2 protein chains.
Amino acid sequence: MNTPTPGGEVAAALGELLVRSSRARLHRALTEGLGADIDEATYPVLSGLARLGPRTAAALACDIGLDRSVISRHATRLERAGLLSRSADPSDARATLLTLTDAGNTTVEHMRTRLADHLDRYFADWPEPQAQAFAHALRRFVDQGLSFEESPADGARS
Amino acid sequence: MNTPTPGGEVAAALGELLVRSSRARLHRALTEGLGADIDEATYPVLSGLARLGPRTAAALACDIGLDRSVISRHATRLERAGLLSRSADPSDARATLLTLTDAGNTTVEHMRTRLADHLDRYFADWPEPQAQAFAHALRRFVDQGLSFEESPADGARS
DNA sequence: TATTGTTATACTCTATAACTATA
DNA sequence: TATAGTTATAGAGTATAACAATA
């Protein structure tokens, strides 16, 4: 059998999803036609700020797993594109708050709805309860199931 | 508001999954401790050959969406690590077949079972039918749902 | 002294182009 | 002439280190 366990099946699917060509396709679907400054590199900053709200580069770096310096450079690109603005943090003169502009929020909303519509068209072929169950399960999985940090017992393979 | 449609929910989850830190975590879970030559770059070549069987660099490049030159360089790394061997293609003297060695196949199998075990431990908390349904749905989604190419009219529209 | 933002530097991965051998 | 494999080059992205300003 190809599908001995749910874990095995999900493992195979994740492997496929991690392949660059799959990711590139998804990213194109997300960012296509939105301007030269929205790409695979700036997207995490843009969506991170949309999801978490205004934050400093250091805080966002911690949140999305990139270095401060990378955030700073991408923020400059997004600022030049008019999607993000920098402002002084009132509570700490060292810090600079990164905030999405109206254009930035609009763009993020545009990306979100476009991909959601794509997916809704795909799920139109699915039985409604099954589509909903899958969506809930996937979110739950992404939120909780990606914590592989704990040492996996088999550990040192020498 | 949180879950307007399945598409919207899946879109958010995919956005999360595409973030580099999530990918890096998954890749660590897959390749950790397997040697310096198995990483995010060589993994697609390794798993591609395991999935598709012996192939030339050109064919594999087409299959996994990387350039021939990239395949060739990673193949060299994997060959040095003893996981892959090159052999002449009997039917075309220009071509070189890339084939996984026994060690290569063992390594792939090791990666696969390790991640599958991880995931099975995670799914142990789920009701069995729900876990199976999710696994099937995810595979179906990855196999069919990633075709977001904007113009379905010009090509194979299933 | 520690931290923030920024910039310079080095490293890695990928695609393009160029070269050789073969169809 | 076209295609396969390989190598050299260039482009992009990230992390590290170093700097000035502030806590």
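When reading the values below, keep in mind they use all heavy atoms of this one structure, side chains included, and skip hydrogens, waters and symmetry mates. In this text the structure is predicted, and so the values were computed from the model without any measurement.
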Next item on the list: Select one nucleotide: of C/dA15, C/dA23, D/dA18, the one nearest the side-chain heavy atoms of A/Arg68.
Entry: D/dA18
Margin query: Categorize A/Ser69 for me: base, sugar-phosphate, or nothing, with a 4.0 angstrom heavy-atom threshold over every strand shown.
Written below: base
Check: Any side-chain heavy atom of A/Tyr122 sitting closer than 4.5 Å to one from A/Asp117?
Finding: no
Notebook entry, point to check: Going by the angle between their ring planes, with limits at 30° and 60°, are A/Tyr43 and A/His27 parallel, tilted or perpendicular?
Noted result: perpendicular
Margin query: Can you tell me which nucleotide in D/dA23, D/dG5, C/dA15 comes closest to the side chain of B/Asp67?
Written below: C/dA15
Item checked: Of residues 70-92 of chain B, the positions that come close to DNA chain D - non-hydrogen atoms, cut-off under 4.0 Å -> B/Ser72, B/Arg73, B/Arg86
Check: Could one point to a donor on the side chain of B/Arg94 or the base of D/dT3 with an acceptor on the other under 3.5 Å away?
Finding: yes
Next item on the list: Could you check how far CG of B/Leu66 sits from P of D/dG5, rounded to whole Å?
Entry: 14 Å
Margin query: Quick one, A/Leu78 and A/Leu46 - any side-chain contact, counting heavy atoms below 4.5 Å?
Written below: yes
Item checked: Whole-Å gap separating P (D/dT14) and CG (A/Leu60) -> 12 Å
Notebook entry, point to check: When you check the gap from the basic side-chain N to the acidic O, do B/Asp67 and B/Arg73 get nearer than 4.0 Å?
Noted result: no
For a quick test of your reading: what N or O donor-acceptor pairs under 3.5 Å do the side chains of residues 52-59 of chain B make, sequence neighbours left out?
residue : atom : partner : partner atom : Å
B/Arg55 : NE   : B/Asp63 : OD2          : 2.5
B/Arg55 : NH2  : B/Asp63 : OD2          : 3.1
B/Thr56 : OG1  : B/Ala59 : N            : 3.1

Notebook entry, point to check: For B/His27 and C/dT12, what is the distance between atoms NE2 and P respectively, to the nearest whole Å?
Noted result: 18 Å
Next item on the list: Measure from the side-chain heavy atoms of B/Ala95 and tell me the nearest of D/dG5, C/dG5, C/dA23.
Entry: D/dG5
